[in-house]
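Computed from a predicted structure; not experimentally measured.
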Amino acid sequence: MHRSIPCRFTMRESGQMIEVTKINGIKVLINPDLMELVEETPDTVISFTTGRKIIVKESRQEVKNLVKSYRKDIFAD
């Protein structure tokens with residue numbers, strides 16, 4: 001099923017984003033504020049408010065942890 005992949009977030013000039021790994025192995029930065037739905041079907045699919053969807057290697061729980069870390073960092077400042 002899902003391999004354990006380290007969860008982390010990173011800063012960008014345009015603001016904070018979280019890093020996930022697409023199913024093809026390419027790492028991408030996404031804006032968690034635009035995430036609308038995360039589901040496992042069994043692959044993890046992230047749906048955005050823009051209508052776009054991506055399939056990632058991280059589990060639903062790992063994506064949730066990334067977003068929680070992102071939010072904690074924002075409110076800690």
Side-chain angles (χ1 to χ4, degrees):
M1 293 269 189
H2 294 285
R3 290 180 295 165
S4 179
I5 297 180
C7 295
R8 64 183 178 269
F9 61 95
T10 185
M11 292 288 290
R12 295 267 318 223
E13 277 184 37
S14 59
Q16 291 185 340
M17 303 180 87
I18 61 174
E19 183 177 84
V20 294
T21 309
K22 291 171 65 173
I23 201 76
N24 62 4
I26 295 174
K27 294 188 181 292
V28 294
L29 296 172
I30 60 172
N31 182 343
D33 295 326
L34 296 178
M35 292 171 50
E36 184 173 39
L37 180 68
V38 179
E39 57 187 329
E40 289 182 335
T41 64
D43 293 323
T44 306
V45 180
I46 301 174
S47 301
F48 297 90
T49 57
T50 61
R52 183 172 183 189
K53 293 182 179 188
I54 62 170
I55 301 172
V56 297
K57 289 185 177 183
E58 289 80 7
S59 69
R60 182 190 57 80
Q61 185 63 48
E62 288 172 315
V63 173
K64 180 180 176 180
N65 292 342
L66 282 168
V67 173
K68 284 174 72 172
S69 293
Y70 163 81
R71 300 243 188 267
K72 282 181 185 178
D73 186 63
I74 287 175
F75 292 115
D77 291 336

Point to revise | By salt bridge (Lys or Arg N to Asp or Glu O under 4.0 Å) - contacts of Arg52 (at least two apart) | key: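 Arg52: no salt bridge (Lys or Arg N to Asp or Glu O under 4.0 Å) contacts found.
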Exercise for review: For the pair Ser69 (side chain) and Asn65 (backbone), establish whether a donor and an acceptor sit closer than 3.5 Å, ignoring hydrogens and angles.
Suggested key: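 Yes; judged by distance alone, with no hydrogens or angles, the pair exists.
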Check your understanding: Would you call Ser59 and Glu40 a side-chain contact if the rule is heavy atoms closer than 4.5 Å?
Key -> yes
Check your understanding: Any side-chain heavy-atom pair from Tyr70 and Asp33 closer than 4.5 angstrom?
Key ->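 Answer yes - side chains close enough.
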Review point. How far apart are the C-alpha atoms of Leu29 and Val20, what are their side-chain angles, what is the distance that settles it, and do they pass the side-chain contact (heavy atoms from CB on, under 4.5 Å) test?
Key: CA-CA 6 Å; Leu29 296 172; Val20 294; over 6 Å; no
In Å, rounded to the nearest 0.5 Å, how long is the span from [atom1] of [X] to [atom2] of [Y]?
X	Y	atom1	atom2	answer
Glu58	Lys22	CD	NZ	12.5 Å
Glu62	Ile18	CD	CD1	11.5 Å
Ile30	Ile46	CD1	CD1	4.0 Å
Lys53	Glu36	NZ	CD	9.5 Å

**Study point:** Electrostatic pair Arg60:Asp43 at N-O distance under 4.0 angstrom
**Key:**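 Between Asp43 and Arg60 there is no salt bridge, as every charged N stays at least 4.0 Å from the carboxylate O atoms.
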Exercise for review: Indicate whether any N or O donor in one side chain lies under 3.5 Å from an N or O acceptor in the other, for Glu39 and Thr44.
Suggested key: no
Check your understanding: Between Val63 and Met35, which heavy-atom pair has the shortest distance, and what is it?
Key ->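 That would be CG1-CE, 3.4 Å.
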Review point. Excluding sequence neighbours, so at least two apart, what forms side chain to side chain donor-acceptor pair (under 3.5 Å) with Asn31?
Key: none
Review point. In terms of hydrophobic clustering (I, L, V, M, F, W, Y; side-chain heavy atoms under 4.5 Å; direct or indirect links), are Val67 and Leu37 co-clustered?
Key: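 No, Val67 and Leu37 fall in different hydrophobic clusters.
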Review point. To which residues is Ile55 joined in a hydrophobic cluster, defined by side-chain heavy-atom contacts under 4.5 Å among Ile, Leu, Val, Met, Phe, Trp and Tyr, whether direct or through other members?
Key: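 Members besides Ile55, by chain and number: Ile23, Val45.
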